[in-house]
Amino acid sequence: MVIPAPGRMVPHDGEFRLSDATRLHAPESVARLVRELLTPATGLSLSDAAAPGDGVISLRLDHDPELGEEGYRLRVTSTEVVATAAAKGGLRWAVQTLRQLLPDQVYGDGPARGIDWRLPCVEIADVPAYAWRGALLDVARWCHPLRFLYRYVDLLALHKLNTLHLHLTDDQGWRFEVRRYPRLTEVGSIRRESPLGHARDERGDGVPHGGFYTQGELRDLVDYAALRGVRIMPEVDLPGHTQAAIAAYPELGNDPARQLAVGTTWGISTHVLNVADATLDVVRHVLDEVVEVFPFEYVHIGGDEVPSREWAASPHARRRAAELGLDRVADLQGWWTAQLTEHLARHGRRTAAWDEILDRRPAAGTTVFAWRGEDRILAAQHAGHEVVAAPYTHTYFDWAEHDGPDEPLAIAGTLPLERVYGFAPGHVLGVQGQVWSEYLPTTDRVEWRAFPRLAALAEVGWSGPGGDFPGFRARLTAHLGRLDHLRVNYRPLD
Ligand code: ACM
């Protein structure tokens, strides 16, 4: 009952029993991962073996072009366990599969007594369908605790999801420490209050909310995730969704005489960054610190929902647009994207952005996150871009799964599990599930919305689309036993 389903899995009779005599032969970082994942519950020390052989779990690199960066083969016999992959990435996923083959108690955080730790004999050959299998977590609207980010990384890795997209900044909060501009967090990470009920109710809770992550904390998280095969892509949303930054530094806004507050309502703020050279410099400096903390090749610069009303009203912005030969001030967004793409390229990084940037002819190498609908996937492809498929119709897990009376308040709905599982992304770089957190103030709520739909999307991303839903649902029922041991607050199946 491995989820996501392996490409090829042939069960055999018999089993491999783990005991105090079982030893481990693997590259150092992979051996560390095996011990971190298996030792707490099993209590087995899995000491090093000099070579594969009887009683040894061996994971080794082996040139095999069919496996790519993330594929692996796994063979369990009654005498040994052998995993091979062309890269460490594949070995890491083999470890996750091995863990799923063990009794569910392996997911408990303390020693589980009286369990017979055995693996069923099996042969697996497994290669992901898509290279990008991501999950966005919005920590801007609610600053979820650092320890939850670690847990989320663990949950992604368990589902062979390889990318955590951290939405670090928005109108209602700036969560990334920037050494050069301390007010971004001193001021921008704290809001006076949050909406009570749905945004349309226009009520506030009167309770301040704040928090941010230091660069050191994020570096440690990056390392922890890397050991598990999870890359972290930071998002600094620009030039819209920046009210928190403008509250910290009013000179970044279009009316520097006006002191804005960090956003206290959900929705799209009309306040956006101005188009002065000095503002562009600030943003470049911010990105300089972002790339120091996050080694992943991709940096997401947002680009979604940028109202141009303030630019239209600003003589400076209008002059800028005219100097640049732009027909409309709204096209200044394209100029923003181009400047930042160029800057990130100087750092050797690729720019990722939401699909609104397509409206302003972005640089060819920009990776488009198509969210406004499936047609946006095709539009981005036709324009020659690499695409991550993230349409709200199938991947916005902040939407309620159903509209029943017991569902916690959601931004919208519904997005049932079956629709997620039925998603056919097409020929794209990959897929990504979004957990925007306006209505998810607690990590319990985040887990309720994310699971099990993220498991369904993980299977689309790894095993490919077109899976049989009743079969998936049956396997998922068993899979939830694992999440039970991890005490994940998932939404039970209907
Ligand atoms: C988005 O949902 N604004 C990307």
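Atoms within a ligand are numbered from 1 in the order they appear, just like the ligands themselves. Bear in mind the structure is a predicted one, so any value in this text is a computation, not a measurement.
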Any N/O pair Trp371/ligand 1 closer than 3.5 Å:
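No - when backbone and side-chain N and O of Trp371 are compared with those of ligand 1, no distance drops under 3.5 Å.
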
Within-cut-off N or O pair, Tyr396 and ligand 1, under 3.5 Å:
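Yes - when backbone and side-chain N and O of Tyr396 are compared with those of ligand 1, one distance drops under 3.5 Å.
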
Going by the atom numbers of ligand 1, which of them fall below 4.0 Å from some non-hydrogen atom of Trp436?
1 (C), 2 (O), 4 (C)

Evaluate Glu217 against Gln215 for side chain to side chain donor-acceptor pair (under 3.5 Å), listing each step before the verdict.
CA-CA 5 Å; Glu217 286 170 341; Gln215 295 191 4; over 6 Å; no

Do [X] and [Y] have their ring centres less than 6.0 Å from each other?
X	Y	result
His165	Trp354	yes
His316	Trp311	no
Phe296	Phe294	no

Between Glu305 and ligand 1, find which residue part has any heavy-atom pair under 4.0 Å and reply side chain, backbone, both or neither.
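It is the side chain that touches ligand 1; the backbone stays farther off.
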
I'd like to know whether ligand 1 has Phe369 as a neighbour, heavy-atom separation below 4.0 Å.
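False for this residue.
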
Would you please determine whether Tyr392 falls within less than 4.0 Å of ligand 1 on a heavy-atom basis?
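Flag not set, Tyr392 not near ligand 1.
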
Between Asp255, Asn254, Leu332, which is the residue that forms a side chain to side chain contact (heavy atoms under 4.5 Å, CB included) with Asn274?
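Testing each of Asp255, Asn254, Leu332 against Asn274, the sole residue satisfying side chain to side chain contact (heavy atoms under 4.5 Å, CB included) is Asn254.
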
For atom 3 (N) of ligand 1, what is the nearest protein heavy atom, given as residue, atom name and distance?
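Here the closest protein heavy atom is Asp304 OD2, 2.6 Å.
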
If we ignore hydrogens and angles and just use 3.5 Å, is the side chain of Gln333 paired with the main-chain N or O of Gly303 as donor and acceptor?
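Checked: pair present.
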
